[in-house]
Amino acid sequence: MAKNIQAIRGMHDVLPSQTPHWQYLEACVRDVLGRYGYQEIRMPIVESTELFKRSIGEVTDIVEKEMYTFEDRNGDSLTLRPEGTAGCVRAALEHGLLHNQTQRLWYQGPMFRHERPQKGRYRQFHQIGVEAFGMAGPDIDAELILITARLWKELGIDGLELQLNSLGTAEERAAYRQELVAYFERHHDALDEDSRRRLHSNPLRILDTKNPDMAELVAGAPVLADHLGEDSRQHFGQLQALLTAAGVNFVLNPRLVRGLDYYSLTVFEWVTDRLGAQGTVCAGGRYDGLVAQLGGRSTPAVGFAMGVERLIALLEEDGRLPEAARADVYLVQMGEAARREALVLAERLRDALPQLRLLAHCGEGGFKAQFKRADRSGARIALVLGEGELARGEIGIKHLRDELPQEAVAVDRLAGRLAEIFDKS
Ligand code: ATP
Ligand code: MG
């Protein structure tokens with residue numbers, strides 16, 4: 001026999017028992033973002049490879065080794081999006097959304113990175129991303145962080161730590177970079193292989209190493225905060241003051257750098273210690289240079305992305321998630337004529353009682369088998385339409401969960417009786 005085809009490694013199905021968890025999270029996010037005036041944007045999953053090279057940066061992990069890149073039938077190089085910001089900026093530019101106006105946008109969907117799959121790290125994963133364009137001050141940075149704080153509160157996720165840093169301007173970072181490279185060169189022997197590779201391509205990323213053997217070396221490295229100019233310092237100070245005034249706690253993490261090249265000034269992460277090594281559930285920052293880098297007029301911008309799988313893992317651990325919705329009513333039918341009548345009856349009930357979750361049995365099956373399915377559906381009530389009921393113009397009502405006698409109701413009274421039964425619950 002042929003071997004069953006399985007999902008691609010690192011890519012997962014979300015099963016019916018889990019989709020309510022996703023829907024719960026998505027509904028909460030949609031609601032909160034709507035209340036802050038953010039509008040949803042939907043971009044294609046595939047973009048030109050060039051877009052990611054130009055935005056994320058040629059020497060980042062993502063572009064160097066994680067992208068799903070392929071040639072389509074025209075020979076064009078395309079890439080499954082590894083993140084959403086680049087596509088969002090591309091779309092905003094393409095449709096003139098940034099002309100003399102501010103934009104508050106959000107999106108959600110799958111992202112693709114060819115990483116080593118492990119708990120909390122997948123090759124297809126999902127992000128909910130938020131981007132704000134045209135606002136340069138620390139107030140919009142603070143607004144984004146307040147949105148995330150509110151989300152955790154409304155979702156019931158606690159114990160997350162907000163880490164903040166400022167990466168300064170590109171010039172400030174360049175000066176710092178030189179000093180950092182000099183420091184690591186002096187300690188070349190203590191660098192691991194990854195860090196040696198990054199030393200001249202992307203030395204700031206060494207600070208982000210997850211290798212415990214490097215912790216001491218990194219702790220002794222020069223700190224970017226000492227290289228910030230007056231304006232950067234002020235922006236960062238004001239952001240902190242705004243957060244403090246709004247009652248949001250944070251810790252300063254001078255070693256917080258982000259994996260993507262385009263960040264400047266504010267960067268932040270929400271981190272938990274409950275998910276093992278994959279502890280960052282939300283990350284973002286300011287990227288004032290990116291719009292111009294992609295060919296637009298220079299436009300300040302700031303955004304963040306949440307890792308949906310990691311948030312769901314936290315919610316599932318807390319057991320605070322809704323279960324899959326159960327049916328209220330299961331319609332059992334027997335006989336050719338009743339089967340025809342059953343679908344019509346079900347439609348009439350759905351018209352009359354839009355809140356009712358009604359599962360109509362389809363196909364063959366004896367009463368016993370149908371009642372078994374009715375039970376499994378979670379329904380409180382089975383409606384019974386057999387030949388006898390049909391002839392009498394009645395429907396049988398069998399209570400599956402309560403110790404109540406079976407009833408027979410005239411067809412035209414059925415909706416009213418169901419309304420009574422479900423109103424009481
Ligand atoms: P990490 O340091 O964990 O690799 P990152 O800096 O690469 O994260 P971002 O590009 O900032 O991550 O993406 C934002 C969020 O998306 C992350 O904080 C994380 O929650 C989630 N995320 C990133 N990569 C993955 C992945 N491979 N699988 C699951 N979630 C991911
Ligand atoms: Mg990563």
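Quick note: residue numbers are just sequence positions, from 1. Whatever order the structure lists ligands and atoms in, that order sets their numbers, starting from 1.
You'll find the side chain of Y107 stays beyond 4.5 Å of the side chain of V130, heavy atoms only. Residues H361 and R373 form a side-chain contact, since some pair of their non-hydrogen atoms from C-beta on lies under 4.5 Å apart.
Under a 4.0 angstrom heavy-atom cut-off, Q127 registers as being in contact with ligand 1. Within the 4.0 Å heavy-atom shell around ligand 1 one does not find E309. Remark: distances from the non-hydrogen atoms of Q278 to ligand 1 are all 4.0 Å or more. Proximity of R116 to ligand 1 is not established, as no heavy-atom distance is less than 4.0 Å.
Here's the thing with D208: none of its N/O atoms is less than 3.5 angstrom from an N/O atom of ligand 1. The N/O atoms of R205, backbone and side chain alike, include none that comes under 3.5 Å of an N/O atom in ligand 1.
Taking every non-hydrogen atom of R113 and a distance limit under 4.0 Å, the qualifying atoms of ligand 1 come out as 5 (P), 7 (O), 9 (P), 10 (O), 12 (O), 13 (O), 23 (C), 24 (N). Distances below 4.0 Å separate heavy atoms of V281 from the following atoms of ligand 1: 20 (O).
Contacts between K210 and ligand 1 below 4.0 angstrom, taking non-hydrogen atoms only, involve the side chain exclusively. Contacts of R310 with ligand 1, taken as heavy-atom pairs under 4.0 Å, involve the side chain alone.
Aromatic ring centres of H188 and F184 lie farther apart than the 6.0 Å criterion allows.
The number of heavy-atom neighbours closer than 6.0 Å to CZ of R274, taken from other residues, nucleotides and ligands shown, is above 12.
Taking CG of L164 as the reference point, atom CD1 of I145 lies at 5.0 Å (rounded to 0.5 Å).
The residue from R121, E115, H126, M306 that puts a heavy atom closest to atom 3 (O) of ligand 1 is R121.
Under a 3.5 Å cut-off, the side chain of T244 and the backbone N or O of L242 do not form any donor-acceptor pair.
For the pair R113 and Y68, the cation-pi criterion (under 6.0 Å, within 45° of the ring axis) is not fulfilled.
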Please assess E179 against H227 for the test side chain to side chain donor-acceptor pair (under 3.5 Å), listing each intermediate value before the final yes or no. CA-CA 10 Å; E179 195 173 310; H227 293 75; 2.9 Å; yes
